[in-house]
Amino acid sequence: MAGFIADDTDEVMSEINMVPFIDVMLVLLIVFIITVPVMKHAVNVELPNVSNEKELIKPETLNLSVQADGSYFLGEEKISDDALPARLTAESAKEPQPELHIRGDKEVRYERVAMAMAAAQQAGLKKIGFITEPKR
C-alpha cells in the first residue's frame, strides 16, 4: 500500500494526537473573544430597590373563656350574656380581624359554648379556634 510503512514490530501506538484538541480549543477561544464584548454592551439603568416579602401583621388573639358555671370571660374581664354580642361585634370591626380562642371548662354545658360560637359567628368573626390541654 502506498504511504504505509510496515514496522517489523507490531506495537500499539500509545501517543495521543493533540492536533484536533488544539483546533477545538482555538475555535472556542475565538468564539469567546468575539462574544464577550457583545455581552458587555448594555444600557446602564439604575433599578429601584423593592422587596417582594409581605409585611406580616399578626392579628391579636381574643380569648373567650367559659367557666364551669356557664359564665363568660373575655380576656380577664367577666362579661354578661347580653354584652357578649356587642363586644364581639366591636372586635370583628378591627383590621386585621382578631382570632377568637374559646376555652371551655370540661364541666360546662355544651349549650353555653355553642351560644358563644353563635354570637361570634353573628358578630362576623372569621377565625374561631378551641383551646384544649394535652392529655397528661
Side-chain angles (χ1 to χ4, degrees):
M1 292 180 123
F4 180 79
I5 300 174
D7 282 339
D8 291 339
T9 60
D10 290 333
E11 293 180 15
V12 177
M13 189 175 192
S14 63
E15 296 177 13
I16 298 176
N17 189 0
M18 296 296 290
V19 175
F21 294 122
I22 293 171
D23 290 344
V24 169
M25 295 307 288
L26 286 174
V27 168
L28 287 175
L29 180 65
I30 292 170
V31 167
F32 285 130
I33 288 173
I34 292 172
T35 58
V36 168
V38 172
M39 290 179 5
K40 295 226 179 207
H41 293 321
V43 177
N44 291 333
V45 177
E46 190 172 326
L47 298 174
N49 295 328
V50 295
S51 175
N52 64 352
E53 295 178 15
K54 289 183 179 178
E55 185 177 336
L56 296 176
I57 299 173
K58 294 272 185 181
E60 65 180 64
T61 302
L62 191 61
N63 291 316
L64 177 65
S65 301
V66 185
Q67 296 290 334
D69 62 353
S71 58
Y72 296 122
F73 282 84
L74 197 56
E76 300 293 323
E77 174 190 349
K78 187 172 183 174
I79 190 164
S80 68
D81 293 356
D82 298 333
L84 182 63
R87 283 289 302 274
L88 292 177
T89 303
E91 292 293 332
S92 70
K94 290 183 179 178
E95 191 62 39
Q97 196 177 67
E99 295 179 8
L100 179 65
H101 291 177
I102 299 175
R103 300 170 187 258
D105 192 279
K106 65 180 179 180
E107 300 296 325
V108 72
R109 292 178 48 101
Y110 178 72
E111 175 187 16
R112 296 297 290 170
V113 177
M115 288 173 57
M117 288 174 37
Q121 182 184 15
Q122 290 172 355
L125 288 170
K126 304 268 189 261
K127 295 181 181 178
I128 302 172
F130 291 99
I131 305 298
T132 61
E133 289 187 12
K135 201 174 197 178
R136 292 183 186 146

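All heavy atoms count here, side chains included; hydrogens, waters and symmetry mates do not.
In this structure, the separation between CG on Leu64 and CD on Glu91 is 11.0 Å, given to the nearest 0.5 Å. In this structure, CD1 on Ile128 lies 7.0 Å from CD on Gln121, to the nearest 0.5 angstrom. A distance of 11.0 Å separates CG in Asp23 from CZ in Phe21, rounded to the nearest 0.5 Å.
Taking the side chain as every heavy atom from C-beta outward, Lys78 and Tyr72 never approach each other to under 4.5 Å. Between Leu62 and Leu74, the closest side-chain pair of non-hydrogen atoms falls below 4.5 Å. Side-chain contact check for Leu88 versus Leu125: some heavy-atom pair is nearer than 4.5 Å. Between Met117 and Met115 the shortest side-chain heavy-atom distance does not fall below 4.5 Å. Side-chain contact between Lys127 and Gln97 is absent, with no heavy atoms from C-beta onward closer than 4.5 Å.
The two residues Ala123 and Ser92 make their nearest non-hydrogen contact at O-OG, 2.7 Å. Closest of all the heavy-atom pairs between Leu84 and Ala116 is CD2-CA, 4.4 Å. The two atoms that bring Val113 and Phe130 nearest to each other are CG1-CE2, 3.8 Å, heavy atoms only. Residue Gln67 comes nearest to Val108 through the heavy atom pair O-CG2, 3.2 Å, listed as atom of the first residue, atom of the second, then distance.
One side chain, Asp69 or Ser71, offers a donor N or O that lies under 3.5 Å from an acceptor on the other.
No more than 12 heavy atoms of other residues, nucleotides or ligands shown are found within 6.0 angstrom of CD1 on Ile16.
In this view, Asn63 satisfies the side-chain hydrogen bond (donor to acceptor under 3.5 Å, both in side chains) rule with no residue, not counting sequence neighbours.
In the hydrophobic cluster analysis, where Ile, Leu, Val, Met, Phe, Trp and Tyr join through side-chain heavy atoms closer than 4.5 angstrom, Leu100 is grouped apart from Ile131. Ile22 and Leu28 fall into different hydrophobic clusters, where Ile, Leu, Val, Met, Phe, Trp and Tyr are joined by side-chain heavy atoms under 4.5 Å apart, directly or via other members.
A salt bridge links Glu60 with Lys94: at least one charged nitrogen is closer than 4.0 Å to a carboxylate oxygen. Salt-bridge annotation for Arg112 and Asp81: present, with a side-chain N of the basic residue lying under 4.0 Å from a carboxylate O of the acidic one. Look at Glu133 and Arg103 and you find no salt bridge, because none of the NZ, NE, NH1 or NH2 atoms lies under 4.0 Å from a carboxylate O.
Under the 4.5 angstrom side-chain criterion for Ile, Leu, Val, Met, Phe, Trp and Tyr, the cluster partners of Leu29 are Ile33.
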